[in-house]
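What you see is a predicted model; the values in this text were computed from it and never measured.
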Amino acid sequence: MVDSSDRIQNPWMASEQQTPIQIIQNHNNPKSSTIDKLGIAERAFSAAGAAFLSAVIVNPLDVAKTRLQAQAAGVAYSHPLSNLISRMSCFGPNMMFADLRCSPSCTRAGLHGTVSLCPPDCFRYKGTLDVICKIIQQEGFTRLWRGTNAGLALAVPTVGIYLPCYDIFRNWFEEFTAKSAPTATPYVPLVAGSLARSLACATCYPIELARTRMQAFKETQVGKKPPGVFQTLVGVVSNGKGTNIPSNSLQSYRVLWTGMGAQLARDVPFSAICWSTLEPTRRKLLSLVGGDDAGILSVLGANFSAGFVAGTLAAGATCPLDVAKTRRQIEMDHVRALKMTTRQTLMEIWRDGGLKGLFTGFGPRVGRAGPSVGIVVSFYEVVKFVLNHRQTTS
């Protein structure tokens, strides 16, 4: 039989033989788990580090997914010099030596007068690897990390809002259910997490909108630096004010939250599927690799594997909602964007592309989500493991 002191030193195994109510009670009892000795700042540091690492590593797949979904929504990708103004600014009014090859090494371009012109297929994405290769050839290797700064700018405030709000909501609901509905106590983390996630999403959503637009659209002006987060948001608001909405109306700023309903509709079931899969898988793997004596490598491996599986399943199941979110975020008609609902968007996608349209970008989304969740969860848990170990031994 495992001694109770061993369970204290290995909080990941503490809930193995307990009822859900005992798990919640022990989680709030500082004597039963060293995890609760960590403060908000330490948790935020762990989560922020995990988000940073994940954003940098998997961003190319996020760009590929967004490009495929944007292309399916009607966004046309072509050589920057196919734009008449760009060609005139680069080569002058005669355009005698304009070169419309997708890249200097392309051998498919045909000579049309004085212009070397690529066929349309050179500018159409056929799959994940095709997107990545064409971005490298046509735009440069660094474009695979387009929107990373927005992702990093999004991670810090999201973590700063999510973790404290989760703790506050959880304490409130646990106190209420303990007195009024004890059987509902095991579901408190799910409700608290959903509310905290919704609040963080609503607060930081404009940055998410900017990231999607930065990844979806090419810069058509040769030699011009693509707009950053702030410039992208200014452009969204400016275009929105160009409609029949009064320019002094706060309603014109609603475009910054275009598609938030679709994101919430995606994130809530994603979290439910992910965590309901991750927790039992993680406990099972930890029991196999080390039990109560699991070390840092076992914690890392078990959490990464469980997160990889859970993230892959959740991403695949919620792919249609992710397609709807992207389509609403890149909608250029701001009046239509404000009127469209997630249900209408899904019906439109189904009408235009059927089942294949609903799962556009499935490969890169699943390929991104699995490693991303695995990295975030394993990094977060390993940092907590190290901090807890230091506190225990000090």
Side-chain angles (χ1 to χ4, degrees), residues 57-83 86 99-112 115-148 151 211-220 222 226 259 262 266 311-313 315-332 345-346 348-372:
I57 292 176
V58 303
N59 195 77
L61 288 173
D62 200 33
V63 172
K65 178 213 71 169
T66 303
R67 288 284 180 97
L68 288 171
Q69 293 177 350
Q71 178 178 260
V75 175
Y77 294 107
S78 61
H79 195 287
L81 294 183
S82 62
N83 179 280
S86 297
D99 189 347
L100 295 185
R101 289 181 296 175
C102 60
S103 67
S105 60
C106 181
T107 58
R108 301 183 61 193
L111 191 62
H112 295 261
V115 178
S116 299
L117 182 65
C118 277
D121 285 350
C122 283
F123 305 106
R124 182 162 185 82
Y125 303 129
K126 301 175 183 178
T128 305
L129 291 179
D130 189 53
V131 174
I132 293 175
C133 290
K134 285 180 177 176
I135 289 176
I136 294 174
Q137 292 174 355
Q138 300 171 14
E139 303 173 56
F141 184 74
T142 58
R143 284 293 186 268
L144 291 175
W145 278 266
R146 182 85 172 113
T148 302
R211 180 177 67 167
T212 300
R213 293 205 170 205
M214 291 167 68
Q215 293 175 341
F217 299 116
K218 277 184 177 182
E219 177 53 54
T220 59
V222 177
R266 180 199 69 175
T312 300
L313 293 176
T318 58
C319 187
L321 293 167
D322 185 65
V323 176
K325 175 196 78 77
T326 300
R327 181 163 295 198
R328 293 192 64 191
Q329 288 178 334
I330 65 174
E331 175 59 55
M332 302 304 292
T345 305
L346 288 170
E348 181 181 277
I349 296 170
W350 172 264
R351 184 178 65 251
D352 295 342
L355 189 64
K356 182 179 179 180
L358 290 173
F359 285 89
T360 302
F362 177 86
R365 171 165 169 78
V366 171
R368 174 195 181 278
S372 179

Inset, instruction - Tell me, please, which residues at least two apart from Asp130 pass side chain to side chain donor-acceptor pair (under 3.5 Å). - result: Lys134

Legend entry - Thr326 and its side chain to side chain donor-acceptor pair (under 3.5 Å) partner, picked from Gln69, Arg67, Lys65: Gln69

Inset, instruction - Begin from the C-alpha positions of Lys325 and Thr212 and carry the test side chain to side chain contact (heavy atoms under 4.5 Å, CB included) through to its verdict. - result: CA-CA 10 Å; Lys325 175 196 78 77; Thr212 300; 3.5 Å; yes

Legend entry - CD1/Ile57: more than 12 non-hydrogen atoms of other groups inside 6.0 Å: yes

Inset, instruction - Please answer whether the main-chain N or O of Leu346 pairs with a side-chain N or O of Arg327 as donor and acceptor at a distance below 3.5 Å. - result: no

Inset, instruction - Check whether any side-chain heavy atom of Arg211 lies under 4.5 Å from a side-chain heavy atom of Gln215, and answer yes or no. - result: yes

Inset, instruction - Any chance you could measure Thr66, atom OG1, to Met214, atom CE, to the nearest 0.5 Å? - result: 11.5 Å

Legend entry - Leu355 side chain near Trp350 side chain, heavy-atom distance below 4.5 Å: yes

Inset, instruction - Would you give the length of the straight line joining atom CG of Asp62 to atom CH2 of Trp145, rounded to the nearest 0.5 angstrom? - result: 12.5 Å

Inset, instruction - Please report the shortest heavy-atom distance between Val75 and Ala216, naming the atom on each side. - result: CG1-O, 4.4 Å

Legend entry - Nearest atoms (heavy-atom pairs only) where Gly363 meets Thr128: C-OG1, 4.3 Å

Legend entry - No-hydrogen, no-angle side-chain donor-acceptor test under 3.5 Å, Arg365 and Thr318: yes

Legend entry - Atom of Val131, atom of Ala64 and distance for their closest heavy-atom approach: CG1-CA, 3.6 Å

Inset, instruction - Starting at CG of Asp322, measure out to CG of Leu358 and round the result to the nearest 0.5 Å. - result: 12.0 Å

Legend entry - From CZ (Arg213) to CD (Gln329), nearest 0.5 Å: 8.5 Å

Legend entry - Pairwise distance CZ(Arg368) to CG(Asn59) - rounded to 0.5 angstrom: 7.5 Å

Legend entry - Minimum heavy-atom distance between Ala369 and Gly311, given as atom pair plus value: CB-O, 3.6 Å

Inset, instruction - Please step through side chain to side chain contact (heavy atoms under 4.5 Å, CB included) for the pair Tyr125 and Ile135, ending with a clear verdict. - result: CA-CA 10 Å; Tyr125 303 129; Ile135 289 176; 4.3 Å; yes

Legend entry - Residue list, side chain to side chain donor-acceptor pair (under 3.5 Å) with Thr360, at least two apart or on another chain: none

